[in-house]
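Okay, structure first, notes after.
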Amino acid sequence: MAHALKGPRPKFARPGANPTLETIEYVLSALQKAEGPVSRNKLLAILARWGHSTTRPSLNAVIAFLGGQGMVAEGSKGLVWVPDASPELLEAIRKGSRL
């Protein structure tokens with residue numbers, strides 16, 4: 001019975017790097033407003049300019065969380081926000097021919 005009471009193991013939370021919901025919203029907003037890929041350093045600078053600075057470990061935790069949700073992608077030039085696919089696009093992907 002005691003085993004059933006044990007909580008789940010956190011997937012994204014790390015000691016010293018647990019961002020607030022506010023930080024997650026700020027990072028997501030900064031990525032959505034960006035014209036193209038954004039580096040982590042640029043994100044930290046944007047957050048500081050908005051009056052909401054955070055630590056690099058917390059930023060990395062936010063990026064890992066958003067990436068795990070499919071909301072952010074990371075490439076060689078930086079991070080980009082990935083908008084939700086339209087239902088039409090999802091249907092085309094599901095029924096389209098494969099190469």
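- Taking Ser53 as the reference, Ala48 meet the side-chain contact (heavy atoms from CB on, under 4.5 Å) condition, with sequence neighbours excluded.
- One finds the CG atom of Asn18 at 12.0 Å from the CZ atom of Phe65 (value rounded to the nearest 0.5 Å).
- One distance of note links CD1 of Ile24 with CE of Met71; it measures 10.0 Å at 0.5 Å rounding.
- Looking at residues two or more places apart in sequence or on another chain, you find no side-chain hydrogen bond (donor to acceptor under 3.5 Å, both in side chains) involving Thr54.
- For residues 63-80, the pairs satisfying salt bridge (Lys or Arg N to Asp or Glu O under 4.0 Å) are Arg40-Glu74, with sequence neighbours left out.
- Within the 4.5 Å cutoff, side-chain heavy atoms of Arg56 are placed close to those of Asn41.
- For the pair Ile46 and Ala30, the tightest heavy-atom approach, listed with the atom from each and the gap, is CG2-CB, 4.0 Å.
- Expressed to the nearest 0.5 Å, how far CG of Leu28 lies from NZ of Lys33 amounts to 11.0 Å.
- Rounded to the nearest 0.5 Å, atoms CG (Leu79) and NZ (Lys42) are 13.0 Å apart.
- Trp50 CH2 to Leu47 CG: the interatomic distance, rounded to the nearest 0.5 Å, is 7.0 Å.
- Between atom CG of residue Leu59 and atom OG1 of residue Thr23 there is a gap of 9.5 Å, rounded to the nearest 0.5 Å.
- Heavy atoms only, all atoms of each residue included: Pro37 and Val80 are closest at CA-CG1, 3.5 Å.
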